J.: 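Handing you this structure, nothing more for now.
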Amino acid sequence: MKKALIQLHLSVFLAGFTGILGKLITLNEGMLVWYRLLFTIITLYILFRWKGMLTRLTFKQIVPIGLTGMIVVLHWLFFYASIKYSNVSIAVVCFALTSLFTALFDPLINRGRLDKTELLLSAITLFGIFLIFHFDTQYRTAIILGIISAMFAALFTIYNKRLIAKYDTPTITFYELGAGFVGLTVLLPGYLYFFPQPLALPSLSDVSYLLILAWACTVCMYMLLMNALTKISPFTVNLSFNLEPVYSIIIAFILFHENKQLTYAFYIGLACIILSVVLQMTRVARTIKHAHA
């Protein structure tokens, strides 16, 4: 469990850079996600084939994994769209609602009971986000996109938990992202019709950022996350990912000076989000202590 917690927080730290890279990359969200998937699956295929880690699956086995992959693709699309419509700080804070959606969806999907403590901790996060967005209405579109992104992120973690019980981490990661790439490629012509993007190769700087996004923030991050999910509940994982906005916001303040666009309400709301994470991690730590007692 201790190793899983370390892996979890390393994956959260790496995820904190995804919003920054999304801001730096000049492509629209559709092309950004397409190139991210392209570079990622090429890397995974070479790596897993070289190490003999890739397991062949039947079409029937691939279908549920592929559908889960499409969920993460939708999460990425809405997340980067939220960044393009606002800024990194606003978009990543919406991501903190993932814990609320997890607390609601997990019992429904897995036919369990609602956890009152999880709902209470999520309510603290929700209150923090309410404070942040109460003062300004200029980011309404970005907020809606960010909330939808958080919903898909919660569903992805819940369904991933099921898959990990049946398959190994490398196999799940490769087939999820591979199926996501195929699905997005099929949908891309229609997407580009409604959201036009010049069909040109990405610039050298964009390629550099995309490679970092694929290798560090996708391959490494997802491998760490999958391993953590074998020991830790989806709610704890998603609540811990509420720290992602903290990392992203600090970097965004340094690189883009976004602190000049925010007011005191933003910082109070962010403090509520951090409090909900600290309380949950304290709860997990006590569980670990009692388990070893």
Side-chain angles (χ1 to χ4, degrees), residues 1-19 40 43-44 47-48 51 53 55 65 68-69 71-72 75-76 79 92 95-103 105-106 109-110 112 115 117-118 121-122 125 149-150 152-177 180 213-248 273-274 276-292:
M1 179 67 81
K2 193 175 291 184
K3 182 182 177 182
L5 285 172
I6 293 170
Q7 290 173 330
L8 171 60
H9 285 285
L10 280 173
S11 69
V12 174
F13 180 74
L14 289 173
F17 286 92
T18 59
T40 299
T43 303
L44 288 176
L47 179 65
F48 294 161
K51 292 194 172 185
M53 299 168 67
T55 304
I65 298 176
T68 306
I71 291 174
V72 77
H75 158 59
W76 285 350
F79 176 71
V92 296
F95 186 71
L97 277 176
T98 303
S99 59
L100 173 61
F101 286 120
T102 306
F105 292 161
D106 198 11
I109 293 170
N110 295 316
D115 189 314
T117 304
E118 290 182 358
L121 292 170
S122 299
T125 299
S149 170
F152 282 120
L155 290 171
F156 173 67
T157 306
I158 293 166
Y159 284 113
N160 245 348
K161 183 75 175 177
R162 284 183 173 185
L163 294 172
I164 287 168
K166 298 179 181 179
Y167 309 103
D168 59 273
T169 298
T171 300
I172 295 171
T173 306
F174 177 77
Y175 281 105
E176 276 183 348
L177 299 183
L213 187 60
W215 292 342
C217 301
T218 309
V219 176
C220 292
M221 188 269 285
Y222 273 89
M223 294 297 287
L224 289 166
L225 177 60
M226 294 287 198
N227 288 328
L229 271 169
T230 61
K231 299 287 185 182
I232 298 173
S233 73
F235 177 79
T236 300
V237 168
N238 281 331
L239 192 63
S240 300
F241 264 82
N242 286 348
L243 285 173
E244 179 186 336
V246 179
Y247 299 134
S248 296
I273 294 169
I274 295 171
S276 69
V277 176
V278 170
L279 290 173
Q280 175 62 4
M281 296 318 296
T282 303
R283 184 186 178 208
V284 173
R286 285 178 180 173
T287 304
I288 297 170
K289 187 176 179 180
H290 288 310
H292 289 284

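Quick caveat: nothing in here was measured; it's all calculated off a predicted structure.
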J.: For a 4.5 angstrom cut-off between non-hydrogen side-chain atoms, does Thr55 reach Tyr167?
T.: no
J.: Identify the heavy atoms of Ser149 and His75 that sit nearest to each other, and give their distance.
T.: OG-ND1, 2.9 Å
J.: Looking at Val219, Leu8, Val12, Leu14, which hits side chain to side chain contact (heavy atoms under 4.5 Å, CB included) with Leu224?
T.: Leu14
J.: Taking the side chain as C-beta and beyond, is there a heavy-atom pair between Tyr222 and Leu44 under 4.5 Å?
T.: no
J.: Any side-chain heavy atom of Thr125 within less than 4.5 Å of one from Leu100?
T.: no
J.: Do you know which two heavy atoms are closest between Asn160 and Glu176, and how far apart they sit?
T.: OD1-OE2, 2.5 Å
J.: Taking all heavy atoms of Ala228 and all of Gln7, pick out the closest pair and write down the distance.
T.: N-OE1, 3.8 Å
J.: Please tell me if the side chains of Leu177 and Val72 come closer than 4.5 Å, counting only heavy atoms from C-beta onward.
T.: yes
J.: Could you pull out the closest heavy-atom pair between Lys161 and Thr230, with the gap in Å?
T.: NZ-C, 4.3 Å
J.: Given side chains that start at C-beta, do those of Arg162 and Asn110 come closer than 4.5 Å, heavy atoms only?
T.: yes
J.: Is there side-chain contact between Thr102 and Thr157, with at least one heavy-atom pair below 4.5 Å?
T.: no
J.: Within the side chain of Thr68, is there an N or O that forms a donor-acceptor pair under 3.5 Å with the backbone of Phe156?
T.: no
J.: Provide the closest heavy-atom pair for Ile158 versus Asp106 in the form atom of the first, atom of the second, distance.
T.: CD1-N, 3.5 Å
J.: Please report the closest heavy-atom contact between Pro170 and Phe48, naming both atoms and the distance.
T.: O-CE1, 3.3 Å
J.: Any heavy-atom pair between the side chains of Glu244 and Thr18 that's under 4.5 Å?
T.: yes
J.: Are any of the side-chain heavy atoms of Phe79 and Val92 separated by less than 4.5 Å?
T.: yes
J.: Using the rule given for side chain to side chain contact (heavy atoms under 4.5 Å, CB included), can you reason through Tyr159 versus Ile109, listing the C-alpha separation, both sets of side-chain angles and the distance that settles it, and then say yes or no?
T.: CA-CA 9 Å; Tyr159 284 113; Ile109 293 170; 3.8 Å; yes
